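What follows is one structure encoded as structure tokens, with my remarks underneath.
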Protein chains: 2
Amino acid sequence: MKKDRPFTHAIDRLGSVGLRPTRQRLALVRLLFENGDRHVTAEQLHREVTEIGVKVSLATIYNSLNQFTAVGLLREVAVETGRSYFDTNTAAHHHFFNDDTGELQDIPGDSVVLSTLPIAPDDTVVESVDVIVRVRNK
Amino acid sequence: MKKDRPFTHAIDRLGSVGLRPTRQRLALVRLLFENGDRHVTAEQLHREVTEIGVKVSLATIYNSLNQFTAVGLLREVAVETGRSYFDTNTAAHHHFFNDDTGELQDIPGDSVVLSTLPIAPDDTVVESVDVIVRVRNK
DNA sequence: CAATAAATTGGAACCATTATAAAAAAATAT
DNA sequence: ATATTTTTTTATAATGGTTCCAATTTATTG
Ligand SMILES: [Mn+2]
Ligand SMILES: [Mn+2]
Ligand SMILES: [Zn+2]
Ligand SMILES: [Zn+2]
């Protein structure tokens with residue numbers, strides 16, 4: 001029996017955004033999307049893909065993360081200067097960031113809501129609103 | 001007649017946090033705190049201090065910004081990977097970030113309020129909540 | 001003023017990321 | 001299938017913001 005969830009298969013997900021299903025991109029797509037929502041850095045993903053025995057250069061990791069972001073498969077989250085996080089959940093949502101562990105995690109559902117959104121400065125339009133709740137280990 | 005606002009003078013502000021009033025630090029404190037709230041990067045501040053004719057190395061700019069942050073005179077705001085912004089307003093408040101110009105600016109008063117704050121993950125405590133409203137030029 | 005401690009400095013090192021250009025792989029045409 | 005063309009991957013170099021370092025200068029203390 002066949003799942004009807006869209007893009008169950010890595011190859012279809014790549015096809016849907018017009019990227020060729022290469023060995024490297026397939027491995028990355030599987031790691032990223034076949035285990036629920038994820039938040040990864042380039043180095044993390046490189047370590048993971050290497051661990052499962054697939055050889056992918058770090059340059060390709062960066063290329064792929066940027067391409068996936070450009071086509072809307074991923075979004076980038078800025079939590080600390082120095083390194084980028086990529087998020088497989090592209091819907092509007094907010095984050096907890098653990099300063100001790102560097103772990104980024106979604107804030108569930110609507111458990112944080114802005115009561116008022118402020119008026120954007122003159123001649124500007126609001127693009128997005130990012131809420132980051134910074135936490136520390138107790 | 002004497003102002004009664006605390007730390008009107010750069011030298012007092014440095015004294016109050018136990019930092020020696022060197023020529024370099026005095027110039028930086030004046031630029032940072034004598035013209036209302038500011039949001040600057042290291043490079044920006046270096047350009048400014050150079051423009052007023054004070055010679056300060058970039059290393060000292062970084063040292064000073066980090067020291068000022070450590071003693072609570074400044075706070076660091078993470079808006080984009082790659083470079084740090086330092087904020088002279090250390091009270092809890094939120095920001096507009098203009099992606100086109102790189103300008104960071106305070107969201108006035110309580111024009112943005114979180115209706116609910118989410119429960120922090122197990123064994124963690126909330127440290128701070130940062131709201132960044134990203135805008136673009138119209 | 002002498003001695004000591006702290007701060008500043010130029011330049012090297014660092015680290016995440018991006019650029020480059022050659023080799024490899026994939027798609028297309030024959 | 002083979003040849004041709006296009007895209008992708010890769011190793012490596014370059015980049016840019018930041019930090020480190022050891023030598024020099026400045027400030028404080030005795
Ligand atoms: Mn990017
Ligand atoms: Mn810092
Ligand atoms: Zn997320
Ligand atoms: Zn601010």
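Owing to the predicted nature of the structure, the values given are computational and were not obtained by experimental measurement. Just so it is clear: chains get the letters A, B, ... in the order the sequence lines come, proteins before strands, and each one is counted from 1.
- In this entry the distance linking CD1 of B:Ile61 with C1' of C:dT9 reads 12 Å, nearest Å.
- A cation-pi arrangement is absent between B:Arg134 and B:Phe96 under the rule of less than 6.0 angstrom and at most 45 degrees off the ring axis.
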Practice problem: Please lay out, stage by stage, how B:His95 and B:Asp106 fare under the test side chain to side chain donor-acceptor pair (under 3.5 Å). | Solution: CA-CA 5 Å; B:His95 294 97; B:Asp106 286 350; 3.1 Å; yes

Practice problem: Might you work through the side-chain contact (heavy atoms from CB on, under 4.5 Å) test for B:Arg13 and B:Phe33, ending with a clear yes or no? | Solution: CA-CA 9 Å; B:Arg13 196 182 297 263; B:Phe33 299 103; 3.6 Å; yes

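- B:Thr60 comes within 4.0 angstrom of a base, heavy atoms only.
- Between A:Arg38 and A:Glu48 there is a salt bridge, since a side-chain N of the basic residue sits under 4.0 Å from a carboxylate O of the acidic one.
- Applying the side chain to side chain donor-acceptor pair (under 3.5 Å) rule to pairs touching residues 50-61 of chain B yields B:Ser57-B:Thr60, sequence neighbours excluded.
- Spacing between atom CG of A:Leu26 and atom C1' of D:dT9 amounts to 14 Å, rounded to whole angstrom units.
- Atom pair A:Leu14:CG and C:dA26:P shows a separation of 13 Å (rounding to whole Å applied).
- The CG atom of B:Leu19 sits 14 Å away from the C1' atom of D:dA27 (whole-angstrom rounding).
- If you measure from atom CD of B:Gln67 to atom C1' of C:dA6, you get 10 Å, rounded to the nearest angstrom.
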Self-check item: Criterion side chain to side chain donor-acceptor pair (under 3.5 Å) on B:Ser84 and B:Glu76, from CA distance to verdict
Solution: CA-CA 7 Å; B:Ser84 277; B:Glu76 210 168 341; 2.8 Å; yes

For nucleotides 16-20 of chain C, tabulate all protein N/O to nucleotide N/O atom pairs closer than 3.5 Å, reporting atom names and distance.
| unit_1 | atom_1 | unit_2 | atom_2 | d |
| --- | --- | --- | --- | --- |
| C:dA16 | O3' | A:Gly82 | O | 2.9 |
| C:dT17 | OP1 | A:Ser84 | N | 2.7 |
| C:dT17 | OP2 | A:Tyr62 | OH | 2.3 |
| C:dT17 | O5' | A:Tyr62 | OH | 3.3 |
| C:dT18 | OP2 | A:Asn66 | ND2 | 3.1 |

Under 3.5 Å, N/O pairs linking protein and nucleotides 4-7 of chain D:
| unit_1 | atom_1 | unit_2 | atom_2 | d |
| --- | --- | --- | --- | --- |
| D:dT7 | O4' | A:Arg20 | NH1 | 3.3 |

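- Between A:Gln24 and D:dT10, a side-chain N or O to OP1/OP2 separation shorter than 4.0 Å is present.
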Exercise. Run the numbers on B:Leu65 and B:Leu28 for side-chain contact (heavy atoms from CB on, under 4.5 Å), then give the verdict.
Key: CA-CA 9 Å; B:Leu65 286 173; B:Leu28 296 178; over 6 Å; no

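- Taking atom NZ of residue A:Lys55 and atom C1' of nucleotide C:dA23, one finds them 13 Å apart after rounding to whole Å.
- Aromatic ring pairs are classed by plane angle as parallel below 30°, tilted from 30° to 60° and perpendicular above 60°; the pair A:Phe97 and A:Tyr85 is perpendicular.
- Regarding B:Ile11, its CD1 atom lies at a distance of 13 Å from the C1' atom of D:dT28, rounded to whole Å.
- Distances shorter than 4.0 Å separate none of the side-chain N or O atoms of A:Ser57 from OP1 or OP2 on D:dT9.
- For B:Thr22, no side-chain nitrogen or oxygen approaches OP1 or OP2 of D:dA27 to under 4.0 Å.
- In this entry the distance linking CD of B:Gln44 with C1' of D:dG17 reads 14 Å, nearest Å.
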Practice problem: Evaluate the salt bridge (Lys or Arg N to Asp or Glu O under 4.0 Å) criterion for residues A:Lys138 and B:Asp123: first the C-alpha distance (whole Å), next the side-chain angles of each, then the deciding distance (0.1 Å), finally the verdict. | Solution: CA-CA 5 Å; A:Lys138 224 180 306 198; B:Asp123 294 315; 5.4 Å; no

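- Of the two residues near DNA chain D, A:Arg23 and B:Arg23, the one whose nearest nucleotide lies more 5' is A:Arg23.
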